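Input: a single structure, listed below in structure tokens.
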Amino acid sequence: MEKKKLVLVGNGMAGVKTIEEILNVSKEKFEITIIGDEPYPNYNRIQLSKVLQGDTTLEDITLNDWAWYQENDIQLYTNEEVTKIDSDKQLVMTRSGLKLPYDELILATGSRPFILPIPGADKEGVTGFRNIQDTDAMLKASKTYRKAAVIGGGLLGLEAARGLLNLGMDVTVVHLGESLMDRQLDQTAANLLKEELERQGMKFLLKKNTKKILGKKRVEGLRFSDGEELACDFVIMAVGIKPNVELAIESGIHVNRGIVVNDYLQTDIPHIYAVGECAEHNGVAYGLVAPLFEQAKVLANAICDVETAPYNGSIVSTQLKVSGVEVFSAGEYIEGGEKKALSVFDDQDGVYKKLVFNGQKLVGAVLFGDSRDSNRLLSLIKKQADVSDTTKVSILQPIGGETGESLVASMSADEIICGCNGVSKGTIVQAIHEKGCTTVDGIKSCTSATRSCGGCKSLVSELLEVTLGDNFDASAQKETLCGCTTLSRDEVVEEIREKHLMTTREVMHVLGWNTSDGCSKCRPALNYYIGMVHPLEYEDENESRFVNERLHANIQKDGSFGVVPRMYGGVTTPEQLRKIADVAEKYNARLLKVTGGQRIDIFGIEKQDLPKVWEELDMPSGYAYGKTLRTVKTCVGETFCRFGTQDSMSLGIALEKKLERVGTPHKFKMAVSACPRNCAESGIKDFGVVGVDGGWEMYVGGNGGTHLRAADLLGKVKTAEEVIEYACAYFQYYRETGIYMERTSKWLERMGLENIKAVIENPKERRELYARLDLALKVHEEPWKKIINSDKLRTELFEKVVVQQ
Ligand SMILES: Cc1cc2nc3c(=O)[nH]c(=O)nc-3n(C[C@H](O)[C@H](O)[C@H](O)COP(=O)(O)OP(=O)(O)OC[C@H]3O[C@@H](n4cnc5c(N)ncnc54)[C@H](O)[C@@H]3O)c2cc1C
Ligand SMILES: NC(=O)c1ccc[n+]([C@@H]2O[C@H](COP(=O)([O-])OP(=O)(O)OC[C@H]3O[C@@H](n4cnc5c(N)ncnc54)[C@H](O)[C@@H]3O)[C@@H](O)[C@H]2O)c1
Ligand code: SF4
Ligand code: FES
């Protein structure tokens, strides 16, 4: 049977969840195309708050990596905006001129932040908080600017404010209403929340209506309707969201606040559906994933012609993601009229609980300070349970609170543990018994629980403990390589060594992975570990690498690439510069930029031109995309500088030539300065060298990125040859013991400087590490040359692949 063409507009959380649900029903029914205007694969937008708060990294929030689209035969267009739908001809048109036919079309265009239409809203330094770019902008701004104002004291504003506090900024939340989170909390809970956040260092201006953003080009302050002003040099607008409906309006689809849909998520035009934040069902456009994922399931079944209950709307609950604050709200949280409240307030412990009843039915709840009972209450609210058999006060008592019995043990099998993904206790227990899951990550892979906001992790962990009893291994909870296995990184590496496992597939098969193809976390990690353990025999699996590493260039936000040729020690020649200039002109490079690592980045090269560019440059790859040695930055040293006592350039070049190409758990940066003035910034590098009287000092574990860390002194040696020996041994020790994606700054703190020193300073161990590194260095080919010389690689990587950025 010929597959029908299914097109999804919007590569976000709700749209891709719908596709996952469709694939669960049938992999054969549709030929799927996804078009998204962001340059990334589907990521966890919710976790942007955690990225800002420093609890996770942008690299860790991918939900479906590039390989997932390929494996499921999905044609993905990123960086591509759909601008028009021709519903008569069943075509979607994109900004770049593509015309794609569809049999069924799903709109999942999400929302955008509402930006107050006030003078100055377009000034530099004013941003919303919705995507990776906004998060990046905040991370960068925190390095230069000090005073942030967050307009809007809702969930998003408070999570942003906590993140900016963590980044060292002075933060004031400017809120229109009298109380924070006024869409989720009553006055009492809001007051408690404000007190707690003030204790954490947040400042508040309530009942303030911002009328103007002050400043010349960049924001310098806010002016309010009462005439008062607040000085600030960075502003986040978090005053709510607006569904993205322009495309639907333009295409003649019925739109109210959102795209109007029926109980099967159909719009008023045949074969066009809407799901997620852009959709409006029964007058409501939801802004949380739980209802959107419920919609996704109904739509997937409906579109696959599987009988399904209609979507009847959702009861929503929220939990603020700010550490140290437990606040929960669900359903109708304000009493009045028929609705009566029952509340307890323990002023001493700062605990407040309120239940709202409509007759004998629980219809809403607010919890502050202790939200352990949130799932049970949400279940009662969702079930519209009649509570007349119980004394209402008893509902407020935490189950097992008196006896010490576990809360999760007392839950019934149909009670929901993961609200975002609608996963019940019964489903998780089944995964433990039938699929052998023993860790939180394992449960995530098997059931999706914990995959979104992560708020249910502790409950899942508790359930594991209760279900597994003596077989529960608390230490394993943090250490598994990823959710596909119950083994830790060290155990996996040991098994690779002992069982002589040579491919990622073999590792997954022999070590009993609970997924057939692994995930975006384990595939690249295994590729690295196998190569590190068996350097001579292992054949690198290109498909397990991240896209930049696969293509040997850095993908940019417009889909073009940055090309960085190697310039050893940051030293170049007129001939190299001429070649770079010629190539840049010939291939219409949009920007030439000197990088922080003293090289030249040629920006704006099209993917199909990359091999030609490399050929004409005839320079080695600078590996600006790789988990390997990036650069060795050097100062001019004794060759030209009056203060220089050492030949920093020669040592830098020698180090770079020695260590280039071989893989490391994460990127590795080096620097050599010829005197303690330290012009090459050796103190913030993974391995930094400083020329001093009578020799060289070596510094390790420095980092100049988001988590700034000054390097520690590893030791002092007399000669450049000794520096090279120490650097190689250190580099290899990191290669052998580092966790994939762990920078040396984190590795050093985990391992302990003294322990590392003890190994590197031991002459025998140092020489052995050096020898093992030499072995690994033998096999590495120059990657650009390898591709230039292989017609197969050229075609496969740069010609055949559909737009998949
Ligand atoms: C910082 C932050 C924290 C959050 N925390 C939580 C939380 O704790 N719990 C919770 O439940 N929810 C939370 N949310 C809300 C949650 O992330 C959203 O409800 C969810 O992501 C919406 O999914 P969606 O697919 O409808 O929209 P999106 O994820 O926004 O996806 C829509 C995609 O479509 C793209 N697009 C739009 N128009 C076009 C077009 N014409 N052509 C091509 N592509 C287009 C957009 O660029 C976007 O990539 C949070 C949101 C943010 C920003
Ligand atoms: N933990 C979570 O569940 C979580 C976290 C972040 C975001 N989100 C979701 O993201 C979306 C956006 O969040 P949000 O907080 O921006 O929306 P929101 O609508 O929940 O809150 C916006 C807040 O801004 C206030 N406000 C409105 N106009 C204002 C003005 N002129 N000046 C000052 N304050 C003003 C409102 O009173 C309201 O409290 C929502 O759908 C939210 O549910 C959820
Ligand atoms: S680090 Fe010292 S030697 Fe090198 S350029 Fe600076 S001042 Fe000169
Ligand atoms: S409750 Fe959000 S991921 Fe489980």
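As the structure lists them, so they are numbered: ligands from 1, and atoms in each ligand from 1. A quick note: this is a predicted structure, and the numbers were derived from the prediction, not measured.
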Under a 3.5 Å threshold, yes or no: a donor from one side chain and an acceptor from the other, between [X] and [Y]?
| X | Y | answer |
| --- | --- | --- |
| T439 | D441 | no |
| S452 | N421 | yes |
| Y43 | E38 | yes |
| S682 | S673 | yes |

Is K17 positioned over the aromatic face of F293, cation under 6.0 angstrom from the ring centre and no more than 45 degrees off axis? yes
More than 12 heavy atoms from other groups under 6.0 Å of [atom1] on [X]:
| X | atom1 | value |
| --- | --- | --- |
| K321 | NZ | yes |
| K242 | NZ | no |
| K99 | NZ | no |

Atom indices of ligand 1, in the order listed, that fall short of 4.0 Å to a heavy atom of [X]:
| X | value |
| --- | --- |
| G36 | 43 (C), 44 (N) |
| I35 | 43 (C), 44 (N) |
| E38 | 47 (O), 48 (C), 49 (O) |
| A14 | 23 (O), 24 (P), 25 (O), 26 (O) |
| K321 | 3 (C), 4 (C), 5 (N), 6 (C), 7 (C), 8 (O) |

Which ligand 4 atoms, with their elements, are less than 4.0 angstrom from a heavy-atom of [X]?
| X | answer |
| --- | --- |
| S452 | 3 (S) |
| G419 | 1 (S) |
| G454 | 2 (Fe), 3 (S) |
| C453 | 1 (S), 2 (Fe), 3 (S) |

Taking 2.8 Å as the limit, list every protein N, O or S atom around atom 8 (Fe) of ligand 3, by chain and residue number.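 The answer, once waters are left aside, is C641 SG.
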I need the contact type for T450 against ligand 4. Using non-hydrogen atoms and a strict under-4.0 Å cut-off, is it side chain, backbone, both or neither? backbone
May I ask which of [options] has a heavy atom nearer to [atom] than the others do?
| atom | options | result |
| --- | --- | --- |
| atom 41 (N) of ligand 1 | V82, V16, T318 | V82 |
| atom 4 (C) of ligand 1 | V51, V9, L292, I46 | I46 |
| atom 43 (C) of ligand 1 | K84, E159, R95, E80 | E80 |
| atom 38 (N) of ligand 1 | V316, T109, L156 | T109 |
| atom 45 (C) of ligand 1 | V245, D37, N11, L48 | D37 |

If I apply the N/O under 3.5 Å rule, does [X] come out as touching ligand 1?
| X | answer |
| --- | --- |
| E81 | no |
| R130 | yes |
| E277 | yes |
| V289 | yes |
| R45 | yes |

Any salt bridge (Lys or Arg N to Asp or Glu O under 4.0 Å) pairs touching residues 274-290, not counting sequence neighbours?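 Residue pairs with at least one partner in residues 274-290: R130-E277.
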State, to 0.1 Å, how close [X] and [Y] come at their nearest heavy-atom pair, and which atoms those are.
| X | Y | result |
| --- | --- | --- |
| C453 | C420 | SG-SG, 3.6 Å |
| Q53 | N166 | O-ND2, 2.9 Å |
| Y333 | D182 | OH-O, 2.7 Å |

Whether G287 lies under 4.0 Å from ligand 1, heavy atom: yes
Taking 4.0 Å as the limit for heavy-atom contacts, which would you say applies to A108 with ligand 1: side chain only, backbone only, both, or neither?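 Only the backbone of A108 comes within reach of ligand 1.
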Run the ring-centre check on H281 versus Y311 and record whether the distance is less than 6.0 Å. yes
Between S329 and Q184, does the side chain to side chain donor-acceptor pair (under 3.5 Å) criterion hold? Intermediate values first, please. CA-CA 6 Å; S329 155; Q184 293 87 14; over 6 Å; no
Rounded to the nearest 0.5 Å, what's the gap from CD1 on I269 to OG on S251? Could you check? 7.5 Å
